[in-house]
There are 2 protein chains.
Amino acid sequence: MTTHIHSNQNTLQSLEHNHNDCVSEALVTAEHLCIDRGVQLTPIRHKVLELIWESHKAVKAYELLDRLKPLQQAAKPATIYRALDFLMEQGLIHRVESLNAFVGCRCSGHQHEQLLLICKLCQEVEERNAKEVMSALSEETKQAGFIVYSKAIEVHGLCAKCQDLSVEKS
Amino acid sequence: MTTHIHSNQNTLQSLEHNHNDCVSEALVTAEHLCIDRGVQLTPIRHKVLELIWESHKAVKAYELLDRLKPLQQAAKPATIYRALDFLMEQGLIHRVESLNAFVGCRCSGHQHEQLLLICKLCQEVEERNAKEVMSALSEETKQAGFIVYSKAIEVHGLCAKCQDLSVEKS
DNA sequence: AGTTAAACGTTATAATATAGCGTTTAACTA
DNA sequence: TAGTTAAACGCTATATTATAACGTTTAACT
C-alpha cells in the first residue's frame, strides 16, 4: 500500500539541521556582506530575506507580500519586488525561473550561479556547485562561440528524502 | 567607435539558412510525428506552431495571440495556451523559462531537453544537445540521489554572430 | 544645516496564465 | 450509419506575476 506523502513534514528543515541556526547564519552573512560592499540591508530588505529563509522551499513574491504585510502595513507589490531585486543583485537569493519564485542562496556572493534541484513533492530547493556540470557548460558555450552573461540550470524531480519517505510508507 | 547594433538584422534567419525550408521541414516533421502518435495537429495548433517558427527568437504567448487573431477571430488567451500546452507535450516547442516565452524545437520528439543559448542582442535561441553537459548533470543528480523529471538549462549572453557584428562595426 | 541620491509609499496598470462551463467536432462503437 | 463519448474549442471571467510613474521620506555626504 502506498500512502499519501505530506509535503510539509520530515523536510530538510525538521530532519537535517537546526533551521534557526541556518537562518541566523544566512542573515549574519548577508549583514556582513552588505556592510563590506557599502550597500544598505534596510529593515524591509532584511525582513524579506528572513521570510525567504523561513524554509528551503521556493517562495512566490505575493506569498512574501502576504507575510510581510502584518509587519509592514504599507507593503505593496513594489515593496517586495524592490527588495527582491536588491537581494538578487547582491547574490543573496536565487530566482527560480521555472517557478517564478525565490529561494535563499547559501553561497552568497561568490560563484552565484548554481545548479538548483527542485523537489516536486516537498518543494525544497537544493543548491549545488556542480563543478563538472559548470565546466562542461563552459566548454560547450566556448565551442558555440557564445559569451555567457548568466545561467539558469534547474532540475525538477524527486529529492532523496521524498524517495525514502515513499519507500518507508509503501 | 562602437555603433549601435540592430537586433533584427543579420540574424540566423537572413544569413545562414533558407528559413522557408527550415519552417517547412519543422512543420512536415510535426505533421508526421502527430500522425504517428495518433494525436491531432489541428489547424489552430498547426498555425501556432507556424507562427512560432516565423523566427528563431523566443516568442511570448500574447505576441502569438496578436498574430493569430487576424487569422482566427475567436482567438483568446486560452486558445494560445491550449495550443502551446499541446505543442510542448508533443515536444514540438520549448518553453524558455527565464523569458516566459516559447521557441520551436529542432529535435522534435527525441531527447527533448536541451541546452538553450539565448542571445540578449538578436534574441535568437540556439538549441544544443550538449552531451557532455547532460552527462555531467546526470552524474551530479545521481550523486545527489535526486530523480530527474525535467530540466531547464538556459544560458543568456551574446551569440557568435552578434559578437562579430559588434567587431565589424567598431 | 543644506544638498543629493537612495529608498520607500502609493496608485495604477501591464503582462502572463488559468478556471469553468457550454458548444462543436471528431473518433469510436454498436 | 446513427448514437455515444471524449477531445477540442468558444467564451467569460478572474487569478497571478510584475512594472511604471511620481511624490515623499530617509540617509549619506558635504
Side-chain angles (χ1 to χ4, degrees), chain A residues 30-31 34-52 57-90 92-103 123 152 154, chain B residues 30-31 34-52 57-90 92-103 123 152 154:
Chain A
E31 288 155 14
C34 289
I35 290 166
D36 289 352
R37 291 179 182 170
V39 295
Q40 294 183 61
L41 189 60
T42 63
I44 289 175
R45 290 164 175 178
H46 190 278
K47 190 66 207 175
V48 170
L49 184 57
E50 200 178 335
L51 289 172
I52 288 172
K57 302 180 205 297
V59 56
K60 301 273 191 174
Y62 279 73
E63 249 176 87
L64 289 170
L65 180 55
D66 289 341
R67 295 202 223 147
L68 183 61
K69 267 179 183 158
L71 309 161
Q72 182 77 18
Q73 277 201 284
K76 297 277 177 329
T79 314
I80 289 292
Y81 282 104
R82 284 168 182 159
L84 291 171
D85 285 347
F86 171 84
L87 295 169
M88 282 190 292
E89 273 167 22
Q90 299 304 321
L92 297 169
I93 61 174
H94 293 289
R95 179 178 162 86
V96 184
E97 299 290 353
S98 51
L99 295 176
N100 296 328
F102 305 85
V103 72
Q123 330 285 349
E154 303 179 1
Chain B
E31 288 156 14
C34 288
I35 291 167
D36 289 351
R37 292 180 182 168
V39 296
Q40 294 182 61
L41 189 60
T42 63
I44 289 176
R45 289 165 176 178
H46 191 279
K47 190 66 206 175
V48 171
L49 184 57
E50 202 178 334
L51 290 172
I52 288 172
K57 303 180 203 297
V59 55
K60 301 274 188 172
Y62 278 74
E63 250 176 87
L64 289 170
L65 180 54
D66 289 341
R67 296 203 222 147
L68 182 61
K69 267 179 183 159
L71 310 161
Q72 183 75 20
Q73 276 201 285
K76 297 276 176 329
T79 314
I80 290 292
Y81 282 104
R82 282 168 182 158
L84 291 171
D85 285 347
F86 171 84
L87 296 170
M88 283 191 291
E89 274 166 22
Q90 299 304 321
L92 297 169
I93 61 173
H94 292 289
R95 180 179 161 86
V96 184
E97 299 290 352
S98 50
L99 295 176
N100 295 330
F102 305 85
V103 73
Q123 331 284 348
E154 303 179 1

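All values below were derived from every heavy atom in this structure, side-chain atoms included, with hydrogens, water molecules and symmetry-related copies excluded. Letters A, B, ... are given to chains in the order of the sequence lines, protein chains preceding strands, and every chain is numbered from 1.
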field: Watson-Crick or G-U wobble partner of D:dA28, both distances under 3.5 Å
entry: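 Base-paired to C:dT3.
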
message: Applying the Watson-Crick and G-U wobble criteria at under 3.5 Å, what pairs with C:dA17? Answer none if nothing qualifies.
response: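 Paired with D:dT14.
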
Grab the [atom1]-[atom2] distance between [X] and [N] for me, whole Å please.
X     : N      : atom1 : atom2 : value
B:R45 : D:dG10 : CZ    : P     : 11 Å
B:I80 : D:dC9  : CD1   : C1'   : 13 Å
A:L99 : D:dT16 : CG    : P     : 16 Å
A:Y62 : D:dT19 : OH    : P     : 10 Å
A:Y81 : D:dA18 : OH    : P     : 4 Å

Nearest listed nucleotide, side chain of B:N100, among C:dA17, D:dA18, C:dG9: C:dA17

query: Counting side-chain heavy atoms from C-beta on, which of D:dG10, C:dA17, C:dA19 comes nearest to B:A78?
result: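 Within the option list, the nearest is C:dA19.
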
task: Determine: side-chain N/O of A:R82 to OP1/OP2 of C:dA7, distance under 4.0 Å, yes or no.
output: no

query: So, is A:K60 close to the D:dT17 phosphate, meaning a side-chain N or O under 4.0 Å from OP1 or OP2?
result: yes

task: For A:Q40 and for A:P77, locate the closest nucleotide of DNA chain C by heavy-atom distance; then report the residue assigned to the nucleotide nearer the 5' terminus.
output: A:Q40

- prompt: Is A:Q73 touching bases, backbone alone, or none of the nucleic acid, heavy atoms closer than 4.0 Å?
  reply: nothing

- prompt: If you look at every strand shown and take non-hydrogen atoms under 4.0 Å, does B:E63 touch a base, only sugar-phosphate, or nothing?
  reply: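 Nothing: the residue B:E63, judged by heavy atoms under 4.0 Å, touches no strand.
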
